[in-house]
Undergrad: 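First the structure, then my questions, so here it is.
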Amino acid sequence: MNMKTKVTVENGYGISVMKACMTCANKDCLRLSKSRMCALHRKRVSRYGLCDQWKMNPQMKAAGSGEGRVKRVEYLRYVMRVRQQESMARQRGLTVVHRSIETIREMYEKTFGSVYINL
């Protein structure tokens, strides 16, 4: 699963996608351990690893289709600040409940409006 040179392919919309574990449909995220595993090899995936059974994941296939939406940079910074606050509280020894991304999005939308840019 090692990769020495970066290989890219185009999806159906002309977007270049790097062939690697990080863009593979066989990557499986284990929610309890928050680690990513290859569903075929049952090994932990490396970001730039690649094997012969790589298959483009659905998100990469849809990139450029026009169905995607662009998130506001302010929202992305808001998410980053929330995650940093959680991390700093944990480092101080406080018990912190990890907020889901859906909860963070709802908090943002109540205060600032949509997380998406209208193009």
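Bear in mind that the values here come from a model prediction, so they are computed numbers and not experimental data. This chain uses plain numbering: 1 for the first residue, then up along the sequence.
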Undergrad: Holding to side chain to side chain donor-acceptor pair (under 3.5 Å), I want the full list of residues that pass it with S87, two or more places apart in sequence or in another chain.
TA: none
Undergrad: Taking only residues two or more places apart in sequence or in another chain, which ones pass ring pair (Phe, Tyr, Trp, His ring centres under 6.0 Å) with Y75?
TA: Y108
Undergrad: In the structure I gave you, are the side-chain heavy atoms of W54 and V9 within less than 4.5 Å of one another anywhere?
TA: yes
Undergrad: Only counting residues at least two apart or in another chain, list the ones meeting side chain to side chain contact (heavy atoms under 4.5 Å, CB included) with M88.
TA: R92
Undergrad: I need the full list of salt bridge (charged side-chain N to carboxylate O under 4.0 Å, His left out) pairs touching residues 99-112, with sequence neighbours left out, sorted by first then second residue.
TA: R105-E109
Undergrad: How far does CZ of R72 sit from CZ of R77, to the nearest 0.5 angstrom?
TA: 13.0 Å
Undergrad: Starting from I104, can I reach F112 by hopping between I/L/V/M/F/W/Y residues whose side chains sit under 4.5 Å apart?
TA: yes
Undergrad: Count I, L, V, M, F, W, Y as connected when their side-chain heavy atoms are under 4.5 Å apart, and connections chain through other members. Are L76 and M107 then in the same cluster?
TA: yes
Undergrad: Per the side chain to side chain donor-acceptor pair (under 3.5 Å) rule, which among R83, Q84, R90 passes with E86?
TA: R83
Undergrad: Please determine whether residues I101 and Y78 belong to a single hydrophobic cluster, defined as Ile, Leu, Val, Met, Phe, Trp and Tyr linked transitively by side-chain heavy-atom distances below 4.5 Å.
TA: yes
